[in-house]
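Structure, as structure tokens:
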Amino acid sequence: MQQQYPFKEIEQNAQAFWEQNQTFAASEKSEKPKYYCLSMFPYPSGRLHMGHVRNYTIGDVLSRFHHMKGFNVMQPMGWDAFGLPAENAAIKNNTAPAKWTYENIEHMKTQLKQLGLAVDWNREIATCKPEYYKWEQWLFTELFKKGLIYKKTSTVNWDPVDGTVLANEQVIDGRGWRSGALVEKRDIPQYFMKITAYAEELLNDLDKLDGWPEQVKTMQRNWIGKSFGCEVEFPIVGQSGSLKVYTTRPDTLMGATYVAVAAEHALATQAAQNNAALTDFIAECKRGSVAEADVATAEKKGMATGLLVTHPLNGEQLPVWVANYVLASYGEGAVMAVPAHDERDFEFANKYGLKIKPAIIPENWKEAKIEPDLISARSSEYKDKTKEINHKISPVLTNKDTNQTISWDFWSEKLAQHGLCYNSGKYNGLDFESASNEIASDLSTKNLGKKRTQYRLRDWGISRQRYWGCPIPIVHCANCGEVPVPADQLPVILPENVVMDGVGSPIKKDPNFYETTCPTCGGKATRETDTLDTFFESSWYFARYASFDADKMCDERANYWLPVDQYVGGIEHAILHLLYARFFNKLMRDVGLIKNDEPFTNLLTQGMVLKDGSKMSKSKGNTVDPQALIDNYGADTARLFTMFAAPPEQSLEWADSGVQGAHRFLRRLWQAVYDHVQLGEIAAYQANDPQTLSAELKVLRLQLHSTIEKVADDYGRRHSFNTAISSVMEMMNALAKVEGTDETTRQVRQEVLQNVALLLSPIVPHICQALWAALQPNSSILDAGWPAVDEAAMVQNSVEYMIQVNGKLRGSMTVSKSETNETLEKMVLNDPCVQKFIVENSTVRKIILVPNKLINVVVG
RNA sequence: GCCCGGGUGGCGGAAUUGGUAGACGCACGGGACUCAAAAUCCCGCGCUGGCAACAGCGUGCCGGUUCGAUUCCGGCCCCGGGCACCA
């Protein structure tokens with residue numbers, strides 16, 4: 001008889017049970033090894049999206065699996081509650097950001113609870129609450145006193161119409177998203193954290209993170225970007241002083257034909273003083289967003305300053321250009337340009353008719369005769385994504401002796417490893433390393449340069465000119481300067497009952513907020529009205545969960561739980577959030593709060609949930625609301641489907657089809673258990689039971705215990721939840737084919753069903769709890785633990801060999817495991833599927849035997 | 001532009017250390033049950049040829065290494081993520 005699968009009732013009962021029994025409340029008082037499982041906390045945007053479901057299900061599976069394996073598990077949850085969307089929603093809905101945020105938290109908390117997460121809700125935090133941000137304000141003041149936070153000017157996107165600073169996201173095609181005005185770059189004073197002081201440690205400690213994906217470590221290494229190069233000074237012609245550049249390719253110095261500076265560079269400003277055209281050009285460069293992607297993809301433009309500098313080695317006079325492709329924030333904000341050996345320089349030189357001078361040739365060309373001016377441009381056609389034909393210009397060098405040409409593609413990639421100096425005077429014939437050393441040493445002698453290690457990493461600007469964020473705890477006093485707010489006067493509370501009018505931050509206009517007295521002299525003073533970057537809050541929350549109610553930033557409990565054993569979150573956080581969190585961990589260590597060097601031992605970076613080929617996001621309007629899924633099919637179906645659809649690290653292209661399949665499987669499972677228990681209670685077959693099993697039941701038990709082993713490996717080591725599920729599905733398909741109702745069959749069936757409930761319970765905990773209760777009326781699945789593998793059930797004495805001829809599959813044979821290689825080779829040669837390929841004039845050249853797998857007969 | 005990933009049937013994906021390509025599921029087709037539909041159950045399902053046995057082709061494209069390549073190497077194409085103020 002067909003049974004209903006009453007998922008609503010099952011899920012409500014299970015969730016109520018967990019809540020009443022405080023099943024997932026974590027305690028530091030435990031004999032078991034601790035396991036801190038953390039999923040990146042959500043921004044309370046309003047409703048759960050599929051990315052959340054995926055993220056929190058992965059974390060929950062790992063938490064529940066470790067719980068079953070006997071760990072003392074802590075899985076907390078909270079809210080990354082400050083941020084830009086609250087301000088936009090507040091303006092749109094005529095409400096206060098705080099009210100909007102708190103309502104969203106309430107709603108999303110209900111939704112998360114419906115997912116049945118094994119979360120300790122007692123530890124819930126919201127970063128917008130004073131009891132949370134008080135402690136980061138305290139840390140700010142400590143770091144300020146230590147000089148790790150300082151003030152300097154930096155560039156922001158300025159909307160001249162709205163008169164506000166814009167986030168990069170708010171600049172669309174160089175214009176403000178509300179006003180449509182052309183955005184300008186503007187320099188304003190801001191607070192910075194000296195993350196560069198930790199660059200070396202942040203780089204080196206990546207080597208300790210064996211539990212992190214290689215991909216993420218590579219991205220962080222490249223982001224920190226340690227390079228070994230040289231600073232080179234070009235004396236300015238006709239005035240004192242010199243122009244300093246940084247280069248990672250000192251070996252190409254003899255090929256430098258001009259020098260380029262960023263529009264923001266002091267020399268550009270100086271040259272523009274009596275040059276209207278240059279002033280205009282610099283102004284033009286300062287239009288558009290500050291985002292590096294925009295700067296780097298902009299059309300290369302430049303203008304000569306009229307200034308000349310002297311090449312430090314050959315004495316040539318080189319022109320100084322202002323170029324929009326030079327980044328003001330990297331190195332010296334100025335570069336030596338070697339058009340022959342740098343693609344961007346080449347493009348620029350071509351456009352403005354500047355000299356191109358090769359200084360490196362391929363190693364195997366060193367005897368060739370090449371004139372310096374033999375470099376020429378070759379235009380090639382290539383297909384753009386829009387399918388229109390485009391032209392690409394690449395430099396080509398011709399070897400007169402052989403008429404051989406070489407294109408830029410070779411030069412750019414391989415030059416440093418396989419090139420030798422050419423046309424470079426005394427450095428001719430030297431390779432990258434010796435040329436760099438010689439040149440650095442000669443520059444040093446002339447006092448015009450030296451070797452230098454450079455990081456790409458910049459200090460972290462943390463000031464935001466926005467309202468909905470943590471107030472920066474600084475008081476500005478005319479007498480005492482910048483005064484950090486003393487600990488006993490913290491927190492500086494952000495007023496929550498405000499009106500957002502869309503023009504500027506309410507606290508910047510609120511004397512009740514900014515008027516204060518100086519903590520040092522007691523005189524009239526004003527508060528800082530900028531707030532902190534929201535990455536500040538998310539950089540230390542992992543420590544707060546561990547000591548969520550401590551009367552300090554974190555207490556000894558943090559040292560019990562930290563480091564986080566498993567961190568789970570989106571790959572889009574691979575650099576910024578994860579780097580800042582690692583940085584904060586080290587800061588907190590250095591102020592004596594915690595002991596560990598790194599916050600996250602193991603990291604699982606979940607792929608994005610995509611819809612129609614791009615990231616699901618509110619701004620793109622392609623989100624799928626999981627609520628309908630939960631309402632119509634239940635949380636277990638939503639969890640099962642999400643875990644089954646793709647491996648966690650891959651991006652998941654969302655499609656609704658398949659949800660039915662997941663639900664159908666749960667219904668079949670429910671039915672199978674119902675049919676079984678209908679026949680009365682029975683004890684599971686035990687490993688040491690004396691009955692002789694039929695061949696069919698032996699095979700079933702073999703599959704069961706192989707499945708237990710595989711699923712444990714898939715959960716614990718591989719994080720391959722989709723294959724774990726598919727192997728349990730195979731198990732259930734096999735069970736369905738076994739029909740007997742005799743006692744032994746029923747014992748084995750009980751064994752299979754009990755174990756299936758255990759294996760699936762991390763993924764679909766509600767139904768498994770109910771199934772267990774049906775199978776074992778007086779016990780709870782929560783006490784059962786992870787099942788043991790019966791090794792004896794997995795012993796096999798025959799094995800199937802695949803038979804190949806010349807690497808192509810031609811057949812197979814099942815043989816006893818004890819056969820010798822000689823016998824196997826004889827058998828395979830006599831097999832008809834091999835025989836027919838051994839025709840006249842052909843001989844068996846060799847036989848390759850892969851034990852227990854495959855035999856390949858090579859015939860020729 | 002720079003850095004990091006990915007590309008396998010109609011679709012999501014599997015193949016864990018170079019050794020059976022397409023597990024499992026979806027969709028689809030056929031059948032059973034039903035007055036009928038839904039649900040459920042059974043069978044089929046990479047492409048081409050063939051009644052079939054079987055044969056050939058096939059993991060984005062081009063080339064290489066190997067007895068054997070989705071897997072390793074070289075070159076390309078396309079798609080996604082990040083680029084410091086979205087979180």
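Basis for what follows: all heavy atoms, side chains included, without hydrogens, waters or symmetry-related copies. Since the model is a prediction, treat every value here as computed from it, not as a measurement. Residue numbers start from 1 in every chain, and the chains themselves are labelled A, B, ... in the order their sequence lines are given, proteins ahead of strands.
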- [ ] Answer syn or anti for B/rG9, where the cut-off is 90° from 0 on the glycosidic torsion.
- [x] syn
Open item on the list: Rounded to whole Å, please give me the gap between NZ in A/Lys226 and P in B/rC3.
Closed with: 20 Å
Could I get a table of every N or O pair under 3.5 Å where one atom is in the protein and the other is in nucleotides 25-27 of chain B?
from	atom 1	to	atom 2	distance (Å)
B/rG25	OP1	A/Asn733	ND2	3.1
B/rC26	OP1	A/Arg664	NH1	2.5

Open item on the list: Measure CG/A/Asp294 against P/B/rC85 and give the value in whole Å, please.
Closed with: 14 Å
TODO: For the pair A/Arg175 and A/Asp159, find out whether any cationic side-chain nitrogen is under 4.0 Å from an anionic carboxylate oxygen.
DONE: no
Open item on the list: Counting only side-chain heavy atoms from C-beta out, which of B/rG80, B/rG19, B/rC83 sits nearest to A/Leu576?
Closed with: B/rC83
- [ ] Report the nucleotide, chosen from B/rA15, B/rC85, B/rG82, that has the shortest atom-to-atom distance to any side-chain atom of A/Val156.
- [x] B/rC85
Task: Distance, rounded to the nearest Å, where A/Gln215 contributes CD and B/rC3 contributes C1' - done: 11 Å
Task: Partner residues of A/Lys217 under the salt bridge (Lys or Arg N to Asp or Glu O under 4.0 Å) criterion, sequence neighbours left out - done: A/Glu214
TODO: Using the P atom as the reference point in each nucleotide, state the distance between B/rG64 and B/rA69 in Å, no decimals.
DONE: 12 Å
Open item on the list: Can you list everything that forms a side chain to side chain contact (heavy atoms under 4.5 Å, CB included) with A/Leu202? Sequence neighbours excluded, please.
Closed with: A/Ile195, A/Tyr198, A/Ile224, A/Leu579, A/Arg582, A/Phe583, A/Lys586
Task: Between B/rU59 and B/rU71 - P atom distance, rounded Å - done: 9 Å
Open item on the list: Of the options B/rA84, B/rA87, B/rG12, whose atoms approach the side-chain atoms of A/Ala291 most closely?
Closed with: B/rA84
- [ ] Kindly point out which of B/rG13, B/rC83, B/rU16 is positioned nearest to the side chain of A/Asp713?
- [x] B/rU16
Open item on the list: Would you compute the distance between atom CH2 of A/Trp212 and atom CD of A/Gln220 and round it to the nearest 0.5 angstrom?
Closed with: 5.0 Å
Open item on the list: At less than 4.0 Å, is any side-chain N or O atom of A/Asn722 found next to OP1 or OP2 of B/rC24? Yes or no.
Closed with: no
Open item on the list: In whole Å, measure the gap between the C1' atoms of B/rA23 and B/rG75 for me.
Closed with: 34 Å
TODO: With heavy atoms under 4.0 Å as the rule, sort A/Pro647 into base, sugar-phosphate or nothing.
DONE: sugar-phosphate
- [ ] Compute both the distance and the angle, then confirm whether A/Lys152 meets the cation-pi test with A/Phe192: under 6.0 Å from the six-membered ring centre, within 45 degrees of the axis.
- [x] yes
Open item on the list: Using 0.5 Å steps for rounding, measure from the CG atom of A/Leu666 to the CD1 atom of A/Ile763.
Closed with: 10.5 Å
- [ ] Consider the side chain of A/Leu809, meaning its heavy atoms from C-beta on, and name the nucleotide among B/rA87, B/rC2, B/rU20 that approaches it most closely.
- [x] B/rU20
Open item on the list: Quick check for you: among B/rC86, B/rC4, B/rC85, whose closest atom lies nearest to any side-chain atom of A/Met219?
Closed with: B/rC4
List, with names and distances, any nitrogen or oxygen atoms from the protein found under 3.5 Å away from nitrogen or oxygen atoms belonging to nucleotides 65-69 of chain B.
from	atom 1	to	atom 2	distance (Å)
B/rC67	O2	A/Asn856	ND2	2.4

- [ ] Could you state the atom-to-atom distance from NZ of A/Lys152 to P of B/rA84 in whole Å?
- [x] 15 Å
Open item on the list: Can a side-chain donor-acceptor contact be found between A/Thr529 and A/Lys508 if the only test is distance below 3.5 angstrom?
Closed with: yes
Task: Whole-Å distance separating the CG atom of A/Asn852 from the P atom of B/rU17 - done: 19 Å
TODO: Select base, sugar-phosphate, or nothing to describe what A/Glu347 touches, counting heavy atoms under 4.0 Å on all strands.
DONE: nothing
- [ ] Quickly work out the A/Phe721 CZ to B/rG12 C1' distance and round it to whole Å.
- [x] 18 Å
Open item on the list: Counting only side-chain heavy atoms from C-beta out, which of B/rC85, B/rC86, B/rG19 sits nearest to A/Asp533?
Closed with: B/rC85
TODO: Give a yes/no answer on whether the side chain of A/Gln650 brings an N or O atom under 4.0 Å of OP1 or OP2 in B/rA14.
DONE: yes
Polar atom pairs between nucleotides 42-53 of chain B and protein, under 3.5 Å, N or O only, would you list them?
none

- [ ] Take atom C1' in B/rG46 and the same atom in B/rG9, then report the distance between them in whole Å.
- [x] 5 Å
- [ ] Specify whether A/His573 and A/His577 have parallel, tilted or perpendicular ring planes, treating 30° as the upper limit for parallel and 60° as the lower limit for perpendicular.
- [x] perpendicular
Task: Inter-nucleotide P distance (B/rA53, B/rC67), Å rounded - done: 34 Å
Task: A/Asn168, nearest nucleotide to its side chain (from B/rC2, B/rA87, B/rA84) - done: B/rA84
Task: Proximal nucleotide (of B/rG56, B/rA87, B/rA15) relative to the A/Thr723 side chain - done: B/rA15
Open item on the list: Would you say the rings of A/Tyr633 and A/Phe641 are close, in the sense that their centroids are separated by under 6.0 Å?
Closed with: no
Open item on the list: At 4.0 Å (heavy atoms only), tell me whether A/Lys300 reaches a base, stays on the sugar-phosphate, or touches nothing.
Closed with: nothing
Open item on the list: Using heavy-atom distances to pick each residue's nearest nucleotide on RNA chain B, tell me which of A/Met802 and A/Tyr43 is more 5'.
Closed with: A/Met802
Task: Residue pair A/Asp459 / A/Thr196, side-chain donor-acceptor N/O under 3.5 Å - done: yes
TODO: Hey, can you tell me if A/Trp460 and A/Tyr580 have their rings parallel, tilted or perpendicular (30° and 60° cut-offs)?
DONE: parallel
Open item on the list: For B/rC4 and A/Asn222 - does any side-chain N or O of the residue sit under 4.0 Å from the phosphate oxygens OP1/OP2?
Closed with: yes
Open item on the list: Check this for me, if you would: do A/Glu730 and A/Lys710 make a salt bridge, where the nitrogen-to-carboxylate-oxygen distance has to be below 4.0 angstrom?
Closed with: no
Open item on the list: Strictly below 4.0 Å: does A/Arg456 bring a side-chain N or O up to OP1 or OP2 of B/rC3?
Closed with: no
Open item on the list: Say we look at B/rG82 and B/rC72: how far apart would their C1' atoms be, to the nearest angstrom?
Closed with: 28 Å
TODO: Verify the contact: side-chain N or O of A/Arg718 to OP1 or OP2 of B/rU16, cut-off strictly under 4.0 Å; return yes or no.
DONE: no
Task: Along RNA chain B (nearest heavy atom to each residue), the more 5'-positioned of A/Lys836 and A/Val290 - done: A/Lys836
Open item on the list: Using 0.5 Å steps for rounding, measure from the SG atom of A/Cys470 to the CZ atom of A/Arg464.
Closed with: 13.0 Å
Open item on the list: Could you write out RNA chain B as dot-bracket? Rules: Watson-Crick or G-U wobble, both distances under 3.5 Å, brackets [ ] for crossings, | for pairs with another strand, dot for unpaired.
Closed with: (((((((..(((......[....))).(((((.......))))).((((....))))..(((((..]....))))))))))))....
Task: Per A/Thr218 side chain, nearest of listed nucleotides B/rC85, B/rC4, B/rC54 - done: B/rC4
Open item on the list: Suppose you measure atom C1' in B/rG25 against the same atom in B/rG13; what distance do you get, rounded to whole Å?
Closed with: 9 Å
- [ ] Please measure how far the P atom in B/rA15 lies from the corresponding atom in B/rU70, and state the result in whole Å.
- [x] 15 Å
- [ ] Go through the steps for A/Asp636 and A/Phe7 under the test side-chain contact (heavy atoms from CB on, under 4.5 Å), then give the verdict.
- [x] CA-CA 8 Å; A/Asp636 280 340; A/Phe7 62 86; over 6 Å; no
